[in-house]
Peer 1: 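The structure's right below; bear with me while I get my questions together.
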Amino acid sequence: MRDDLLDPRAVLLHESAPDREAAIRRCGQVLAEVGAVAEPYIEAMLERERTISTYVGEGVAIPHGTDASKEDILRDAICVVRFPGGVDWDGEQVTLCVGIAARAGGHVPLLAALAEILLDPDRAKALREATEVSQVIKELT
């Protein structure tokens, strides 16, 4: 995965959220805080979730916006937000959210790269249990 996609400021490892919507909002806020998206992208992330769950298994969700929200993306980026206490994700427990902002089809290679990492049980576990930003960056780059 391109190492310019993950700003160290976009890695939060000790967050909590009362529900899935709050967790997705937190991911969107992080992407906005690092200058990757405009505020309306956060609502597009929630809209995507209402259409289809972004839960991918193993305690991981990959929230991202709708195709219509591409104009709200300022640059391709990801964020990693860990919820050690877990978040109920429509009956599943999510402890790790990897938010994505990608323009013009950029989400496809990004999702493929993430899937490759997350399908490796050791790397997925390392991400879910990371307590240092440097550990996350090492696993994702």
Side-chain angles (χ1 to χ4, degrees), residues 1-121 123-141:
M1 186 177 303
R2 290 184 3 226
D3 58 3
D4 64 330
L5 294 172
L6 182 59
D7 183 316
R9 298 172 302 156
V11 179
L12 303 176
L13 301 175
H14 306 287
E15 297 295 298
S16 62
D19 56 33
R20 175 171 55 172
E21 181 175 325
I24 293 169
R25 283 190 187 283
R26 187 66 186 116
C27 287
Q29 289 165 345
V30 171
L31 289 169
E33 287 164 10
V34 298
V37 302
E39 290 288 327
Y41 189 75
I42 299 168
E43 290 305 316
M45 293 174 82
L46 292 166
E47 180 63 32
R48 162 73 67 198
E49 192 66 37
R50 284 189 283 273
T51 306
I52 186 166
S53 177
T54 57
Y55 178 73
V56 295
E58 298 296 318
V60 179
I62 305 178
H64 53 287
T66 61
D67 290 340
S69 64
K70 297 295 183 206
E71 67 273 5
D72 296 317
I73 298 171
L74 307 174
R75 65 177 176 84
D76 290 0
I78 66 171
C79 69
V80 177
V81 183
R82 194 168 150 260
F83 299 94
V87 177
D88 177 51
W89 213 273
D90 202 26
E92 301 289 347
Q93 278 295 303
V94 166
T95 55
L96 187 73
C97 284
V98 181
I100 295 180
R103 292 182 291 199
H107 68 287
V108 175
L110 204 48
L111 285 169
L114 274 173
E116 186 177 313
I117 291 164
L118 297 171
L119 286 172
D120 178 328
R123 290 180 81 186
K125 184 175 190 279
L127 277 175
R128 282 194 312 273
E129 297 177 0
T131 56
E132 299 292 328
V133 172
S134 59
Q135 291 171 291
V136 172
I137 291 171
K138 177 179 171 271
E139 289 302 325
L140 291 177
T141 54

Peer 1: Determine the minimum heavy-atom distance between Pro84 and Leu13, stating which atoms define it.
Peer 2: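 Nearest pair, atom of Pro84 first, then Leu13: CG-O, 3.6 Å.
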Peer 1: After noting the C-alpha distance and the side-chain angles of Arg20 and Leu46, does the key distance pass the side-chain contact (heavy atoms from CB on, under 4.5 Å) rule?
Peer 2: CA-CA 9 Å; Arg20 175 171 55 172; Leu46 292 166; over 6 Å; no
Peer 1: Hey, what do you get for CD1 (Ile24) to NE2 (His64), rounding to the nearest 0.5 Å?
Peer 2: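 With rounding to 0.5 Å, CD1 (Ile24) is 10.5 Å from NE2 (His64).
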Peer 1: I need the minimum non-hydrogen distance between Cys79 and Cys27, along with the two atoms involved.
Peer 2: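 So the two residues come closest at SG-O, 3.6 Å.
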Peer 1: Who are the side chain to side chain donor-acceptor pair (under 3.5 Å) partners of Glu116, not counting sequence neighbours?
Peer 2: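 In terms of side chain to side chain donor-acceptor pair (under 3.5 Å), with neighbours along the sequence ignored, Glu116 is linked to no residue.
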Peer 1: Calculate, to the nearest 0.5 Å, the distance between atoms CD1 and CG belonging to Ile78 and Leu5 respectively.
Peer 2: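 Nearest 0.5 Å value for the CD1-CG distance: 6.0 Å.
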Peer 1: Can you name the residues that form a side chain to side chain contact (heavy atoms under 4.5 Å, CB included) with Ala130, not counting sequence neighbours?
Peer 2: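 With sequence neighbours excluded, Ala130 shows a side chain to side chain contact (heavy atoms under 4.5 Å, CB included) to Gln135, Val136, given in chain and number order.
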Peer 1: Taking only residues at least two apart or on different chains, which pairs with a member in residues 129-141 satisfy salt bridge (Lys or Arg N to Asp or Glu O under 4.0 Å)?
Peer 2: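 Salt bridge (Lys or Arg N to Asp or Glu O under 4.0 Å) check on residues 129-141 returns Arg123-Glu139, Lys125-Glu129.
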Peer 1: Answer yes or no: are there more than 12 heavy-atom neighbours, outside Gln29 itself, under 6.0 Å from its atom CD?
Peer 2: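 Check passes, neighbour count above 12.
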Peer 1: What residues, two or more places apart in sequence or in another chain, satisfy salt bridge (charged side-chain N to carboxylate O under 4.0 Å, His left out) together with Arg9?
Peer 2: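 With neighbours one apart ignored, the set is Asp7.
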Peer 1: Roughly how far apart are Leu114 CG and Ile100 CD1, rounded to 0.5 Å?
Peer 2: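 The distance works out to 5.0 Å.
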Peer 1: Provide the full list of side-chain hydrogen bond (donor to acceptor under 3.5 Å, both in side chains) pairs with a residue in residues 36-47, sequence neighbours left out, each pair given once.
Peer 2: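 Listed by first then second residue: Arg25-Glu43, Glu47-Arg50.
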Peer 1: Mind checking what makes salt bridge (charged side-chain N to carboxylate O under 4.0 Å, His left out) contact with Glu33, not counting sequence neighbours?
Peer 2: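 Scan of Glu33 (salt bridge (charged side-chain N to carboxylate O under 4.0 Å, His left out), adjacent residues dropped) gives Arg26.
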Peer 1: For Leu140 and Leu127: C-alpha separation, side-chain torsions, deciding distance, then whether side-chain contact (heavy atoms from CB on, under 4.5 Å) applies.
Peer 2: CA-CA 9 Å; Leu140 291 177; Leu127 277 175; 3.8 Å; yes
Peer 1: Shortest non-hydrogen contact from Val37 to Gly28?
Peer 2: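 Smallest heavy-atom distance, with atoms named: CG2-O, 4.0 Å.
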Peer 1: What's the separation between atom CD1 in Ile117 and atom CG in Asp120, rounded to the nearest 0.5 Å?
Peer 2: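 Going from CD1 on Ile117 over to CG on Asp120, the span is 9.0 Å.
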Peer 1: Taking only residues at least two apart or on different chains, which pairs with a member in residues 79-98 satisfy salt bridge (Lys or Arg N to Asp or Glu O under 4.0 Å)?
Peer 2: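 Pairs touching residues 79-98 that pass the test: none.
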Peer 1: Under the rule for side chain to side chain contact (heavy atoms under 4.5 Å, CB included), what residues qualify as partners of Pro18, not counting sequence neighbours?
Peer 2: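 Partners of Pro18 under the side chain to side chain contact (heavy atoms under 4.5 Å, CB included) test: Ala22.
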Peer 1: For a quick test of reading the model, state the closest non-hydrogen atom pair linking Ala44 to Thr66 and the distance between them.
Peer 2: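 Closest pair (atom of Ala44, atom of Thr66, distance): O-CG2, 3.5 Å.
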Peer 1: Under the side chain to side chain contact (heavy atoms under 4.5 Å, CB included) rule, collect the residues that match up with Ala61, sequence neighbours excluded.
Peer 2: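 So Ala61 forms a side chain to side chain contact (heavy atoms under 4.5 Å, CB included) with Thr54, Pro63, Trp89, Val94, Cys97.
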Peer 1: With sequence neighbours left out, write down each residue that passes side chain to side chain contact (heavy atoms under 4.5 Å, CB included) with Ala38, or none if nothing qualifies.
Peer 2: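 Ala38 satisfies side chain to side chain contact (heavy atoms under 4.5 Å, CB included) with Pro40, Asp72 only.
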